Amino acid sequence: GSPFVSLLLALSCCQGLHHNNIDDYVEAEPVFQASKYGSLWPLPQKVQISEVSFKLSSASFRIVDAKASSAGPSCSLLQSAYRRYYEYMFGSAKKQWGSKNNRRSDPSDLTELQVWITSPDSECDGYPSVTSDESYELTVNQPVAVLKAPTVWGALHGRIYSIYFHCQIISYFPFSKSINATIINDFPRFQHRGILLDSSRHFLPIKVILSNLETMAMNKINVFHWHIVDEQSFPYLSRTFPQLSEQGAYHPYTHVYTPADVKMVIEFARLRGIRVVPEFDTPGHTQSWGKGQKDLLTPCYSGSKPSGSFGPVNPILNTTYDFMAKFFTEISTVFPDGYIHLGGDEVDFTCWKSNPDIQKFMEQQHFGEDYSKLESFYIQKLLDIVASTKKGYLVWQEVFDNGVKLKPDTVVHVWIGGRSDKEMSNVTAAGYTTILSAPWYLDYISYGQDWQKYYKVEPLNFEGTDEQKKLVIGGEACLWGEYVDATNLTPRLWPRASAVAERLWSAKNVTDIDDAFNRLSLHRCRMVERGIPAEPLFSSYCLHEYKGV
Amino acid sequence: MLKFVSLLLALSCCQGLHHNNIDDYVEAEPVFQASKYGSLWPLPQKVQISEVSFKLSSASFRIVDAKASSAGPSCSLLQSAYRRYYEYMFGSAKKQWGSKNNRRSDPSDLTELQVWITSPDSECDGYPSVTSDESCEYLLFLVHVMFYRSLETFSQLVSEDEYGAKSINATIINDFPRFQHRGILLDSSRHFLPIKVILSNLETMAMNKINVFHWHIVDEQSFPYLSRTFPQLSEQGAYHPYTHVYTPADVKMVIEFARLRGIRVVPEFDTPGHTQSWGKGQKDLLTPCYSGSKPSGSFGPVNPILNTTYDFMAKFFTEISTVFPDGYIHLGGDEVDFTCWKSNPDIQKFMEQQHFGEDYSKLESFYIQKLLDIVASTKKGYLVWQEVFDNGVKLKPDTVVHVWIGGRSDKEMSNVTAAGYTTILSAPWYLDYISYGQDWQKYYKVEPLNFEGTDEQKKLVIGGEACLWGEYVDATNLTPRLWPRASAVAERLWSAKNVTDIDDAFNRLSLHRCRMVERGIPAEPLFSSYCLHEYKGV
């Protein structure tokens, strides 16, 4: 690891010392060497790769349902996964796939991957959830490889992933594919492995979202946290309140997500074992809501008169809660996931303080001058509304910090940097489950290999009992949208988020940064080959460079 | 102005203070307002835009040669520029272009743009160039290039309403560049850059009135240039001998694509350092390093004590001088590490014979001097990185010294120009160094002539270059990392010195970036915002 540390330090020096950035640290330069784990990413929990290798030919190789499997040809989720991974392995050689003139297979060929779902109900048409069992076993041997996944939801999830794994084991040769005899026993370390994308600061075209869902699947990310609206724009087209996006989107037709768009995102994600958790952040971060919904936001005052500008959601009107009840009823039906992210972060009290009606309400409620009590008052009512829709919720850490009463299954999202370990300690001591994002704000960019910084994070590095540690169910990499849109999102996210993906999937002791560099270099080339513009780690090349511009 | 400064400061704070990064500086947030100069970028030297506006329709609008123009339909450079800009303005509506059923144009329509090349020789088939003596030819060519530039400006004046109707205001523009050399360095050695990436960035350079593509084509890591004379250089030294090389046809295509857009292609073949990849295909070119009394198996810079080295260089640069038509070649000469030379007993002996003592920069100068003489004999001028000047190598008077070392680059500019050499500046414009926030403002605020010196010295500054070194950049992220950050440099080098209003720049650059996006270039956003037509790729 030490050559990398010194490299990173060298790179963060000021410009005056560098030019072509090469002579200065020529000795610390990362040198690519093949890992004994090839290009596997994230690294499975247990993997044995033997020296024995089998050939794979696109003409003879098949992915099939095992006879004993509870999922058959009618499981379109699996069938489309087979097709996807076949194409990843052999290119879109559809002719060969359907061809009847298959060459006889060599005795040393691997001809079949059998996918065996062992639980009685495969739940092909359901959705992944936070409790899904994602474990699987993969045995590559001649003449057939077997992929076995035990439990219902996790089985589905694991299946997809293991096919993916299978694909990763295939060695990187352009003309002939081969695969080593392998036994993999795998399961995720954390259940919640998410990525936050922000479609409010910049509108993200559906195509960008889909191609990043595809990439999430390649990295075993299983939660798409869709920060869909915020101050700047409201692109969610609500059936109940269409004026929200009519007035609040950047453009009412070209910069909105229609119900059909949202459905497509959810289904595309489901087919890849990814949950879609939408965030509708209130009472702050809501400027764009106010454009289409009269009286929703608090009018700010300048002296004794309204200034014409607006602050957070107005917490003292019944109409606010009527609106929220209807709105979240819609959201709870549109998004099938068991959880909704309710935000609750960064509420600015200036406007509330300026408003005489709010001041009066504060008096009536005996809140004194403590506006965080007013915030809690609002959040409490909102949580009750959302709870009545039978959804669980995630909230940003301030909601916990302010002492709002939370349902026991609430997930507290820790984001504030500096002393996030202390916060993790407090949240879990209070008995709440939690996810970590503080060290993984990928919108903060810097020169050099910052993926190493994300990789070195240990989420359980805080003071607490074993019971407390168990309450950490995962984390999320956040790519806030101030400086990110369709033009630069994908290369900025990948492979930096891949570092987070391995930290959340692989065993705690997987920390060899040299080995990670070697595997990640290949993993990034694999993403590029699959059409994803994942940026380079360092001076290097891929056999197949990115074809777009 | 202050608004932006405080924004930048807020953004560079540590993460602990921010979340969605919005409430903290909601008051300092840049608010887009229309500039009175619309989306013009870089800002012309003189521009008057009136309130009177004309409609433009794709059916009736034409770009034609003026009757008195010295360039006619046979000038393919202009003809292809007309077509390109027609498509930028109206989309690729080729049917309408050729249609005979044109609607009658309204009296308030603008129906024609006449392009009038006034000099007797339009030099349609020539190459853009910069010569330090202001010959007549140079002026003529400038006129020619200027007309090309004006097409970009014209297309920038066209605005579109929500329904797609185009209009243009009555406008008079009188424009010329402040600096002659406005370049961008791309590095195809750390990562191979597919031709498609290079071409689409040349296209974008033209949109930003950049006129020099500094092609840092080879370096330590790989040698993708396929040499006719020494094909083994790329056979052995490229990342891959077939898929990661630039063939003679590729190079020709890049040069012609650039020429059609008024862009010079200046190749850099950096020696004696930065040459690891050269050694793979050319035996004995590099210095064998010693570990004690035995060769260690590794190699250092070019071996300066062998005649074979200079024979090789003579042949190699003779080829380069014919392949690249530009008047200049960049010869590098930066960052030479002496460790290997010091370890080699033959080099030590040579140092003694030459009475160089322990001063290896003398050996470096010895090499460079011989190399410059070789290149001069090919009738090319050269650019060199600043170390060559710093080490006191004797340079031809028309040498361009390239200032890159940060910290005290003003002092260096002062020294170089005091010695009478022309110079270009890159030190503040290393765009591979990224950081959070609107760093384009930092690049924009640079004033290249901010150094101590006489007026005569200032005149020796012919421009600058934005450098995008390739360690962390390849086809996947190059274009959004370069644009619109390099646009800030482009305006600094084109527009008048007093064009420094950063709010106005934000407003124009926001629109300019959306125009690039609409033209298919993934130029990244300045800040939270939207474009009428978002990027369609992924």
Side-chain angles (χ1 to χ4, degrees), chain A residues 14-16 19-23 26 198 201-203 205 207-208 211 230-233 250-251 254-255 284-285 345-346 348 396 415-418 438 441 443-448 480-488 490-492 528 533-536 538-541 543 545-549, chain B residues 14-16 19-23 26 187 190-192 194 196-197 200 219-222 239-240 243-244 273-274 334-335 337 385 404-407 427 430 432-437 469-477 479-481 517 522-525 527-530 532 534-538:
Chain A
C14 72
Q15 178 181 334
H19 175 209
N20 304 359
N21 313 323
I22 199 70
D23 280 357
V26 75
D198 169 0
R201 271 64 179 238
H202 287 98
F203 179 78
K207 200 176 154 188
V208 174
S211 97
D230 205 294
E231 307 275 23
Q232 288 78 359
S233 75
Y250 279 131
H251 187 287
T254 58
H255 288 61
H285 289 277
D345 57 317
E346 298 186 315
D348 184 356
W396 296 111
W415 68 268
I416 299 180
Y441 265 39
D443 51 321
Y444 290 95
I445 55 170
S446 57
Y447 186 72
W480 296 103
E482 283 83 354
Y483 299 101
V484 175
D485 73 359
T487 62
N488 61 350
T490 310
R492 186 155 296 183
V528 168
E535 65 178 24
F538 194 62
S539 304
S540 63
Y541 76 106
L543 217 49
E545 300 288 356
Y546 183 59
K547 293 286 189 299
V549 166
Chain B
C14 72
Q15 178 181 335
H19 174 211
N20 304 0
N21 314 322
I22 200 67
D23 281 356
V26 76
D187 168 359
R190 272 63 180 238
H191 288 97
F192 179 77
K196 201 176 151 188
V197 174
S200 100
D219 205 295
E220 307 275 23
Q221 286 80 358
S222 75
Y239 278 131
H240 187 288
T243 59
H244 288 62
H274 289 277
D334 58 315
E335 297 185 317
D337 184 357
W385 294 110
W404 68 269
I405 299 180
Y430 266 37
D432 51 322
Y433 290 94
I434 54 170
S435 57
Y436 185 71
W469 296 103
E471 283 82 354
Y472 300 101
V473 175
D474 73 358
T476 63
N477 62 349
T479 309
R481 186 153 297 182
V517 168
E524 67 178 21
F527 195 62
S528 304
S529 62
Y530 76 106
L532 216 49
E534 300 289 357
Y535 183 59
K536 293 287 188 299
V538 165

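Just so we're on the same page: letters track the sequence lines, and every chain starts at 1. Quantities reported herein were computed from a predicted structural model and do not represent experimental measurements.
Only the side chain of A:Glu545 comes within contact range of chain B, judged by heavy atoms closer than 4.5 Å. For chain B, the nearby part of A:Pro205 is the side chain; its heavy atoms alone come within less than 4.5 Å. In this structure, the portion of A:His255 lying under 4.5 Å from any heavy atom of chain B is its side chain and not its backbone.
Interatomic distance, B:Tyr436 OH to A:Asp443 CG, rounded to the nearest 0.5 Å: 5.0 Å. Distance check, rounded to the nearest 0.5 Å: OH of B:Tyr430 to CD1 of B:Ile405 gives 8.5 Å.
Judged purely by atom type and a 3.5 angstrom limit, A:Tyr250 uses its side chain to pair as donor or acceptor with the backbone of A:Arg201.
Between A:His202 and B:Ser529, the side chains place a donor N or O and an acceptor N or O closer than 3.5 Å (distance only, hydrogens not considered).
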